[in-house]
Number of protein chains: 2
Amino acid sequence: MTAVCADCAVRRQALCGSLDDGELAALHRLGWRHRMARGETMAWAGAENVACATLLSGVLKLSASTADGREQIVGLHFPSEFIGRPYGDTVEFSVSALTDAELCVFPRDRFQEVLGAHRGMERMLLQRTFAALDATRSRLLVLSRNTAAEKVAGFVLSMAERARGISDCRASADGPVTFDLPLTRGEIADVLGLTIETVSRQLTKLKGAGVLALPGVRGVTIRDPAALRARAGLL
Amino acid sequence: MTAVCADCAVRRQALCGSLDDGELAALHRLGWRHRMARGETMAWAGAENVACATLLSGVLKLSASTADGREQIVGLHFPSEFIGRPYGDTVEFSVSALTDAELCVFPRDRFQEVLGAHRGMERMLLQRTFAALDATRSRLLVLSRNTAAEKVAGFVLSMAERARGISDCRASADGPVTFDLPLTRGEIADVLGLTIETVSRQLTKLKGAGVLALPGVRGVTIRDPAALRARAGLL
DNA sequence: CGGCGAATTGAAATGCATCAAATTGGGTGG
DNA sequence: CCACCCAATTTGATGCATTTCAATTCGCCG
């Protein structure tokens, strides 16, 4: 690793935050920085499970697909989040970069040893895994019971929260919030279990109703947050 | 607890299996046996998170619903599985009994202390939580991309595997496998994100094609496992 | 300015939901 | 033991949201 952990932008939020300086130095020696270009894949579903990582910058997707090629994005990862699946010989899902990204990568076997040696880190990972499980279970409800309109409105809301600090987010205190979606229409469709056309139509409808503005092809401005929340089914 | 852990039918498979006899006695003092009748609910989504448990017998559902009452079952629990969400002040999902059930219940705060004192148990819980996360992510693909026919065929297959030993499963070595579904049509619909009518029609279709027989209202006989797997989209 | 992938828009097809009615079957009391 | 009852299931007819197929249009980069 060229850069040191002390410089790390996500140090406080990441799993490594549970380690003291000495422990961090030990972990540091096991890992290395890795850059990924948009579209690049670092793990394929069904392949051998070789690495774990902390995401430093960018957005990654976790995806699965049916035998005949229908795809579903089963999770999105933002900076400081843990990527990987300790205690498993193969990986169930593919990991790819939706934007250019930078990670701190560790060999899985060595990472598991570190986990075994540091209770605080193992505890933190358990808590995060429970949180991820809850989030994924909540998405089951959304994917199977929400309408296309609710899905798209809810997605824009969740991206507005999470994208803050990721993409250039121009939020004025009382004015409208503007940010760039890190996903194409097709990727949004793969997250929500819809088609590109349906996502596009729903966004157009929100624009027509004055709830959103769509400056440029990735940009979004939330003009009426309350209306957006209502359309997401959050009352 | 009237019955002792030594008698416990699920001792080897459950989390407690990671404890030695002395540790088990300590955990034993914290918990108690609890019986649930079919339909009974032990935790409501949004309520305070007070207990964890091991399921001894029966089948439980974990469910969420939208503001306007659409329900989705986000998980099913079978005997020996761990129920609960350590490290959270409220629960996100309701827990109810699909059949009469029996649990070994522990106060959440005390259970967390035990977890903190026994690395083996914490490790085992982390592994199980990762497995549950993978399973839930896989269900995202099924719910959003599979057709009703694929969902129902896949559900029957998964219940055939899991129900073995739960309900009276009469499997002859080479002959057809027969078992009882622990869920009503309505509950199956809530698992698969369909309606009662669609589930019924798909089962009828499988019966008409000679893939299944439906002896009685809960019974299922798999006459042609290969055809069922093909219809589930497993090639 | 020209090219090309991504996004939008339109028209038609379809799978599942919805609404409605008939049937089954397990349990109860006469 | 049988008749009845009620809830669950099945079956039928119709509607609609979303997909599918098919053109444009947009916006970015050379």
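To find a chain, count down the sequence lines: A is the first, B the second, and so on, and within it residues start at 1.
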Taking A:Ile188 as the fixed residue, which of A:Ile73, A:Thr198, A:Val156, A:Leu183 is the one that meets the side-chain contact (heavy atoms from CB on, under 4.5 Å) rule? A:Leu183
Taking CD from B:Glu187 and C1' from D:dA7, how many angstroms apart are they, rounded to a whole number? 13 Å
The reported gap from CE in A:Met159 to CG in A:Leu181 (rounded to nearest 0.5 angstrom) is 6.0 Å
Atom CG in A:Leu55, atom CE in A:Met36: separation rounded to 0.5 Å? 9.5 Å
Please indicate whether A:Arg223 has more than 12 foreign heavy atoms, meaning atoms of other residues, nucleotides or ligands, lying under 6.0 Å from its CZ. no
Can you find a heavy atom in the side chain of B:Asp100 that is under 4.5 Å from one in the side chain of B:Glu40? no
Length of the line joining A:Leu192:CG and D:dA17:P, which is rounded to integer Å: 18 Å
On DNA chain D, does the nearest nucleotide to B:Lys207 precede the nearest nucleotide to A:Ala149 from the 5' side, or the other way round? Give the residue. B:Lys207
Heavy atoms of chain A, cut-off under 4.0 Å: which first and last nucleotide of DNA chain C, 5' to 3', fall inside that, if you could look? C:dA7 to C:dA11
Protein within reach of the bases, or only the backbone? For nucleotides 19-30 of chain D, mark each nucleotide 5' to 3' as B, S or -, using heavy atoms under 4.0 Å. BBB---------
Just by modelled atom types, is the A:Leu192 backbone N or O under 3.5 Å from a matching donor or acceptor in the A:Lys151 side chain? yes
Would you kindly give the CG-to-P distance between B:Asp180 and D:dA8, to the nearest whole Å? 17 Å
CG (B:Asp68) with more than 12 external heavy atoms under 6.0 Å: yes
In whole angstrom, give the distance that lies between atom CD1 of A:Ile196 and atom P of D:dT18. 17 Å
Which distance, rounded to the nearest 0.5 Å, do you find between the CD of B:Gln72 and the CG of B:Leu62? 11.0 Å
